[in-house]
Structures are given as C-alpha cells and as structure tokens.
Amino acid sequence: MYKNKYVRIRNVNYDDLKKVWSDEFMKLLKFYDNELTVVREREKVKDRLYTFYGETKGKNLYDFFCSLIIDGVLVVKNNMSKPSYYRKIKFLKDVGIDFSQKLDFEENNLIDFNPFTFEEVV
C-alpha cells in the first residue's frame with residue numbers, strides 16, 4: 001500500500017485504514033460494491049428474483065430465501081446438498097439480496113382459542 005519496507009505511524013492515513021477495513025469487511029460478508037442496492041424486504045426480494053431469473057427459477061430462489069430467514073442458515077445448509085446450497089447462495093448474492101437476518105418466531109406466544117371452553121359460553 002505504501003510501497004515502503006517499513007511504515008511509520010506518521011505515514012499512515014486514516015482514510016487508507018478506513019478503506020482497507022471496509023474492503024476486508026465486505027469480503028467477510030461476501031457483499032461487493034455494485035450498482036444494485038441490497039434488498040431485505042420480502043416483496044422487494046421476490047420482485048428482484050422474478051425480474052432477474054424469471055418466474056420458475058425466481059420462485060425456487062424465493063422459497064430458498066424464505067427458508068433461510070425462517071429456519072436459519074445452518075438448518076437449511078444441513079438439509080440440502082452442499083453444491084445446491086452454495087449455488088443458490090451465489091444466485092442470491094449476485095442480485096444483491098441480504099439473507100443475513102433470521103426471523104424469530106416464538107411458539108410460546110400462541111393463544112389456544114376454543115370458544116366452547118370459556119366461562120361465557122358454558
């Protein structure tokens with residue numbers, strides 16, 4: 001970067017460090033700068049997949065995306081072949097879809113509604 005064998009602190013520029021950090025962090029997340037904005041919302045994801053990949057492949061990838069955000073990456077990865085998993089992940093990344101967030105569904109918040117067991121009915 002500085003083309004010197006030894007780099008002194010006074011030669012280090014904050015903007016250079018910021019750029020290196022940003023580039024390496026994006027490599028870690030495997031997102032790269034491109035002309036597409038990253039989408040996370042369900043409807044926008046669906047629209048983008050159908051636009052880029054057509055109806056059949058778009059639906060398949062949308063189902064895969066929904067599995068990722070509902071079940072989580074590890075569960076989906078363990079339930080399908082590695083080549084299929086990584087191929088579909090690449091398709092999502094190629095069009096700028098963020099699947100890093102997982103939705104949390106708590107089963108304990110369910111209300112068991114049976115109108116025949118309430119006091120008002122009996």
Side-chain angles (χ1 to χ4, degrees):
M1 172 185 264
Y2 292 104
K3 298 188 177 29
N4 291 334
K5 186 173 182 178
Y6 300 106
V7 178
R8 301 192 193 282
I9 296 294
R10 66 177 174 233
N11 297 343
V12 176
N13 185 345
Y14 180 76
D15 290 330
D16 293 339
L17 290 177
K18 189 175 173 183
K19 181 178 179 346
V20 168
W21 178 86
S22 176
D23 292 345
E24 295 303 316
F25 190 72
M26 289 300 134
K27 286 179 189 175
L28 179 67
L29 291 179
K30 299 199 179 0
F31 290 124
Y32 300 100
D33 291 333
N34 58 18
E35 60 278 353
L36 293 176
T37 58
V38 175
V39 293
R40 294 172 182 85
E41 295 83 19
R42 188 178 55 82
E43 284 301 318
K44 289 182 181 179
V45 167
K46 185 176 182 180
D47 290 342
R48 181 167 293 179
L49 289 173
Y50 277 60
T51 300
F52 278 90
Y53 295 116
E55 188 173 341
T56 304
K57 189 173 183 179
K59 182 182 182 320
N60 188 357
L61 289 171
Y62 179 70
D63 293 343
F64 176 71
F65 168 78
C66 289
S67 294
L68 286 173
I69 63 169
I70 292 171
D71 298 327
V73 173
L74 292 177
V75 172
V76 174
K77 187 176 182 179
N78 290 334
N79 289 330
M80 64 187 316
S81 70
K82 288 189 189 280
S84 294
Y85 172 80
Y86 286 111
R87 185 178 62 250
K88 289 180 179 182
I89 290 290
K90 183 183 180 318
F91 287 140
L92 294 179
K93 287 181 182 177
D94 286 347
V95 294
I97 293 176
D98 179 19
F99 51 88
S100 62
Q101 305 297 319
K102 180 180 182 291
L103 297 176
D104 290 326
F105 295 104
E106 294 184 22
E107 295 178 17
N108 298 336
N109 291 340
L110 297 177
I111 298 172
D112 186 21
F113 178 72
N114 184 349
F116 300 107
T117 60
F118 282 89
E119 296 175 6
E120 292 84 7
V121 177
V122 178

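Counting heavy atoms of neighbouring residues, nucleotides and ligands inside a 6.0 Å radius, atom CD of Glu55 does not exceed 12 of them.
A search for side-chain hydrogen bond (donor to acceptor under 3.5 Å, both in side chains) contacts involving Tyr86 returns Lys77, not counting sequence neighbours. Evaluation of the salt bridge (Lys or Arg N to Asp or Glu O under 4.0 Å) rule for Lys57 yields no partner, not counting sequence neighbours. With sequence neighbours left out, the salt bridge (Lys or Arg N to Asp or Glu O under 4.0 Å) criterion links Lys90 to Asp94. For Ser81, the side-chain contact (heavy atoms from CB on, under 4.5 Å) criterion is met by Pro83, Ser84, not counting sequence neighbours.
Tyr53 contributes atom OH, which lies 7.5 Å from atom CG of Leu92 (distance to the nearest 0.5 angstrom). Separating the CD1 atom in Ile97 from the NZ atom in Lys46 is a distance of 13.0 Å, to the nearest 0.5 Å. Between Lys82 atom NZ and Ile89 atom CD1 the span is 12.0 Å, to the nearest 0.5 Å.
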Atom pairs and distances, side-chain donor-acceptor, residues 60-70, under 3.5 Å, sequence neighbours left out:
unit_1, atom_1, unit_2, atom_2, d
Asn60, OD1, Lys88, NZ, 3.3
Tyr62, OH, Arg42, NH1, 3.4
Asp63, OD2, Lys59, NZ, 3.2
Ser67, OG, Asp63, O, 3.2

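Counting heavy atoms from C-beta on, the side chains of Val45 and Phe99 never come closer than 4.5 Å.
By the rule that hydrophobic residues join a cluster once side-chain heavy atoms approach within less than 4.5 Å of another member, Phe52 and Tyr50 end up as members of separate clusters.
Counting only distance, with no hydrogens or angles, the side chain of Arg48 and the backbone of Val95 share a donor-acceptor pair below 3.5 Å.
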